[in-house]
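The next block holds one structure in the form of structure tokens; read it before the comments.
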Amino acid sequence: MTGDGNNTYLIAGGGTAALVDAGVGEPEHLRELAAALDRARARLDLVLVTHGHRDHAAGAPAIAAAHPAAVFVKHRWLPEDAHYDVDWRVIGDGDVLSAGGEPLVAVHTPGHSPDHLAFCHEATRTVFTGDLVVQGSSVMIHSSRGGDLSEYLSSLRRLQAMAPARLLPAHGPIIDDPQTVLSAYLAHRLEREQQVIDALHAGRSTVQAIAESIYHGLAPALLPAAEENVRAHLEKLKREGRALESGGRWQP
């Protein structure tokens with residue numbers, strides 16, 4: 001589910017450094033982090049975690065052990081935060097942190113997860129976007145574990161309104177044309193919503209039946225993720241009064 005893996009970003013300057021996202025604690029990642037810090041002649045003082053999903057936060061204890069001076073920060077997500085044995089410093093929307101001597105502004109962007117943060121370097125209009133967007137792919141909204149499609153769409157629109165020049169995502173390549181990618185993301189979600197509505201009108205009443213009708217030929221291992229996305233759309237439609245649910249069955 002992580003494609004080619006995770007991106008983490010090291011920001012170093014003036015003898016200090018900050019890391020955006022903690023990865024999963026693989027030894028190779030820890031060695032590369034140590035080597036990059038040595039080259040920059042910097043000490044790791046700060047680790048900014050975009051959200052509490054394992055591929056972004058599970059490496060925090062290993063990094064803490066290797067870099068005891070580092071402070072670990074994220075938005076609160078109880079009880080998820082307790083899965084990782086570090087002393088989290090809780091931050092929220094609008095908080096400003098120093099990353100290698102440069103200010104980064106925390107932007108609360110929930111939807112993919114309730115605690116999701118992006119980090120904006122306003123001087124260059126560069127945003128570290130975590131799991132908000134992945135170029136050439138889509139983002140799963142895990143409705144059963146705190147995902148919320150309405151919040152996710154609002155977060156995309158908020159990011160779009162910030163007029164960023166560059167997005168540094170946690171998966172996939174750097175995005176140098178943010179407006180095109182964000183507009184395509186929003187359009188894709190609206191298209192998927194219409195497909196869910198059409199499936200309901202065609203008499204498909206379960207999450208599985210709707211997912212199978214939309215995601216033709218999808219590998220069986222990916223079907224649970226597709227069902228989570230469908231469930232997220234259905235919950236959004238339910239809140240808007242455009243779908244009804246009873247006993248696990250849905251209707252328009």
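The first residue in the sequence is number 1, and the count goes up from there. Because the structure is a prediction, the values reported are computed rather than measured.
A donor-acceptor pair under 3.5 Å links the side-chain atoms of His112 to the main chain of Met140, judged by distance alone. The main-chain N or O of Leu132 is never found under 3.5 Å from a side-chain atom of Tyr185 such that the two would form a donor-acceptor pair.
No donor-acceptor contact under 3.5 angstrom links the side chains of His29 and Asn6, judged on distance only. Side-chain polar atoms of Ser183 and Gln160 form a donor-acceptor pair below 3.5 angstrom. Residues Asp131 and His53 bring no donor and acceptor atom of their side chains to less than 3.5 Å of each other.
Ser150 places a side-chain heavy atom less than 4.5 Å from the side chain of Arg239. A 4.5 Å side-chain heavy-atom check between Glu212 and Leu223 finds at least one atom pair inside the cut-off. The side-chain heavy atoms of Leu30 and Ile63, taken from C-beta on, include a pair separated by under 4.5 Å. Counting heavy atoms from C-beta outward, Val127 and Met162 have side chains that approach closer than 4.5 Å.
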| Candidate pair Asp21 and Asn7, rule side-chain contact (heavy atoms from CB on, under 4.5 Å), full reasoning | CA-CA 8 Å; Asp21 273 335; Asn7 302 326; over 6 Å; no
| message | side-chain hydrogen bond (donor to acceptor under 3.5 Å, both in side chains) for Ser205 and Gln251? Distances and angles first, verdict last. | response | CA-CA 6 Å; Ser205 61; Gln251 62 183 50; over 6 Å; no
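Between Arg89 and Asp95 there is no salt bridge, since no side-chain nitrogen of the basic residue lies less than 4.0 Å from a carboxylate oxygen of the acidic one. By the 4.0 Å N-to-carboxylate-O rule, Lys74 lies too far from Glu80 to be salt-bridged with it.
Residues that satisfy the ring-ring contact (aromatic ring centres under 6.0 Å, His included) test with His142, not counting sequence neighbours, are absent from this structure.
Of all heavy-atom pairs between Arg204 and Ala209, the closest is CD-O, 3.6 Å.
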